[in-house]
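Below you'll find the structure, written out as structure tokens, and then a few comments.
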Amino acid sequence: MVTASEGAAMGSATANENWSSRFAFIMAAVGSAVGLGNLVRFPAEVGANGGGAFVIFYIFCVVLIGAPVLLSETLIGRHGQSSAVGSVKKVARESGASEWWAVAAGVGMLGAFLILTYYSVLAGWIVYFIGVFTGDLVSNIASGSLLAGALDGQSVEEVQGILPALQADAGTMLTMHAIFMAVTIFVVARGVHGGIEKVAVWLMPTFFVLILGITIYGAFTGAFGAALEFLFNFDASRLLDPTVQLSALGQALFSLSLGSALMITYGAYASRDTDLAKSSGLIASADTSVAIVAGLAIFPIVFAAMAPDALAGVLAGDVPVEGGLGLLFISLPVAFQTMPAGSIIGFLFFIMVFFAALTSAVALLEASVSWAIRRFNVSRVIATIVLGLTVFAIGAWASFSFNSQADFQPLDFMIFSGQPVFGIIDELTAKILLPVSALLVSIFVGWIADQRLIDSENGLDGGLHKFWRFLVRWLCPIVITAILITGIFPGLVGI
Ligand code: TRP
């Protein structure tokens, strides 16, 4: 077998690395899907959008939009056997369509590349918190109080101040970002077989054990009932709220790593006998389960540490829960202080988040590495290092948004107004690049590509096949167009 780098050196467009098993493919794809999106973004979105209504709508979006687009992306990749751009080109060529459709993958690839710039800054914070909790655990072990709460001896204000202090310290923040990118570059440089797949096959199962363990422990020691009520009880009127609907749709695309060229790229490494329809179903269900389980891990712990009247306000829908990054980096560490064995749980929790972040970061980088190897005829190692360092540099710049450049808002208009660089990258990727790419993919697969070719890859038949075609041709393009328009012009729906 030729490796990708040898193949690239020989100028062969078909040289490809492959997953060593179907299990490896599923773990790598689930590893890419399960990430900070499930552990940080999902709980925050649930909190901001009133709990249960968001969760229900989210599940609809995954089934009706996410899973069909996921299958579309993996099947383009498997047929194309190239980078995402190369794969779309090949399918277009064989369908007698313009190769310009490869823009669908190009936009997604740019999206993945840019997401990684800020993703790795956040992952750097996780690395820092692992450091804090390791120190805490070690000192508890040394003093014989293994089952103590976390960060004993620090006031609540001090714990709440850990993140702001890190953000104020540009040197440390950059160092953490550098450490995370170095690990990501190392894994991707080792290739599909020796790096990406190894990490996924080891870290994802460990991740599942950790998240289940923490959830079960939290169910006994935390406010599990309140968390259940919060996640599944809903106010029917909020189901019709466009803000809730659009957030759920955007989150579904992001969480399943769609519209980012990645599922095309990973599909290209799948063997001919992999059932892509089944695999897509499995990947989508695993990702969704992790998001919900993450809610069931995080909220009981956070709610247990809240004052009863504050919690009652949250459950009544009157008070939003601390959203966004504050949930993970502020509320949770505070809650670990009073949780029994909080020191160990806190340590395991951040390790778990790190595993999820790493398998996603590796995928985010691979989307463009796989393209660069072929486009510039360079070795995998060179492509990975050059692209990885560029991501590091842009990410470093973005990280100053929390520091000296908070007021530097270069694109102060429309969805970018009031956003520093970090926020601009987030808005640009989540609201424009990912939806545009997913929209083009669904139009391409639904309307442009040769349907016999598509059908030879999708492994569906009968009613399910008809249903999938309907979704890809009609529902996905229409709904994704709606996300795009309302995402860019929020005023239209009054949000
Ligand atoms: N799905 C990832 C998460 O939930 C984020 C993501 C979006 C991603 N697009 C991607 C990861 C492409 C890998 C590749 O955190």
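None of the values given here were measured: they were computed from a predicted structure.
With ring centers used as reference points, Phe113 lies 6.0 Å or more from Trp371. Under the 6.0 Å cut-off for aromatic ring centres, Phe349 and Phe133 do not qualify, their centroids lying 6.0 Å or more apart. Aromatic rings from Phe355 and Phe207 are positioned such that their centres are separated by 6.0 Å or more.
At least one side-chain heavy atom of Val46 sits less than 4.5 Å from a side-chain heavy atom of Val55. When side chains are defined from C-beta on, Phe54 counts as touching Gln251, because their heavy atoms get closer than 4.5 Å. For the pair Val391/Leu364, no side-chain contact is recorded, criterion being any heavy-atom separation below 4.5 Å from C-beta on. A heavy-atom distance below 4.5 Å is not found between the side chains of Phe402 and Pro420. Side-chain contact between Phe57 and Asp241: absent, with no pair of heavy atoms (C-beta onward) separated by less than 4.5 Å. Contact check for Met263 versus Val69: no side-chain heavy atoms found under the 4.5 Å cut-off. Using a 4.5 Å heavy-atom cutoff, the side chains of Phe444 and Val91 are in contact. At a threshold of 4.5 Å between non-hydrogen side-chain atoms, the residues Met306 and Phe303 count as touching.
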Q: I would like to know whether Ile196 and Trp19 meet side chain to side chain contact (heavy atoms under 4.5 Å, CB included); could you show each step before the answer?
A: CA-CA 9 Å; Ile196 299 176; Trp19 305 119; 4.1 Å; yes

Q.
Before you tell me yes or no, could you show the steps for Leu166 and Phe329 under side chain to side chain contact (heavy atoms under 4.5 Å, CB included), namely the whole-Å CA-CA distance, both residues' side-chain angles and the distance that decides it to 0.1 Å?
A. CA-CA 11 Å; Leu166 171 63; Phe329 293 102; over 6 Å; no

Q: Verify side chain to side chain contact (heavy atoms under 4.5 Å, CB included) between Thr74 and Phe25, making sure each step is shown before the conclusion.
A: CA-CA 11 Å; Thr74 49; Phe25 167 52; 4.2 Å; yes

Q) Going through the distances and angles, do Phe230 and Val314 end up as a side chain to side chain contact (heavy atoms under 4.5 Å, CB included)? A) CA-CA 8 Å; Phe230 177 66; Val314 166; 4.0 Å; yes

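For the pair Ala226 and Leu315, the tightest heavy-atom approach, listed with the atom from each and the gap, is O-CD2, 3.4 Å. For the pair Val201 and Ala24, the tightest heavy-atom approach, listed with the atom from each and the gap, is CG2-CA, 4.0 Å. Closest heavy-atom contact between Ala67 and Leu256: N-CD1, 4.3 Å. Smallest separation of non-hydrogen atoms from Ala372 and Leu387: CB-CD1, 3.9 Å. Of all heavy-atom pairs spanning Gly250 and Ile483, the tightest one is N-CD1, 4.3 Å.
Neither side chain, Ser370 nor Thr265, offers a donor N or O lying under 3.5 Å from an acceptor on the other.
Between the side chain of Thr359 and the backbone N or O of Ala356, at least one donor-acceptor pair lies under 3.5 Å. At distances below 3.5 Å, at least one donor-acceptor pair connects side-chain atoms of Ser260 with backbone N or O atoms of Leu258. At distances below 3.5 Å, at least one donor-acceptor pair connects side-chain atoms of Thr175 with backbone N or O atoms of Gly171. At distances below 3.5 Å, not a single donor-acceptor pair connects side-chain atoms of Asp169 with backbone N or O atoms of Ala165. Checked by atom type and distance alone, the side chain of Glu73 never pairs as donor or acceptor with a backbone atom of Leu262 at under 3.5 Å. For the pair Ser87 (side chain) and Ser82 (backbone), a donor-acceptor distance under 3.5 Å is present. Of the possible donor and acceptor atoms, one in the side chain of Thr117 sits under 3.5 Å from a partner among the backbone N and O of Leu114.
When Leu246, Leu249, Leu484 are each tested for a side chain to side chain contact (heavy atoms under 4.5 Å, CB included) with Val479, only one passes: Leu249. Screening Val188, Thr184, Leu389 for a side chain to side chain contact (heavy atoms under 4.5 Å, CB included) with Thr384, the sole residue that qualifies is Val188. Checking Arg380, Arg374, Arg190 one by one against Glu17, the salt bridge (charged side-chain N to carboxylate O under 4.0 Å, His left out) holds for a single residue, Arg380.
Using bins of under 30°, 30° to 60° and over 60° for the plane-to-plane angle, the ring pair Tyr269/Tyr266 lands in the tilted bin.
Counting non-hydrogen atoms of neighbouring residues, nucleotides and ligands closer than 6.0 angstrom, the CH2 atom of Trp447 exceeds 12 such neighbours. Around CZ of Phe186, the count of heavy atoms belonging to other residues, nucleotides or ligands within 6.0 Å does not exceed 12.
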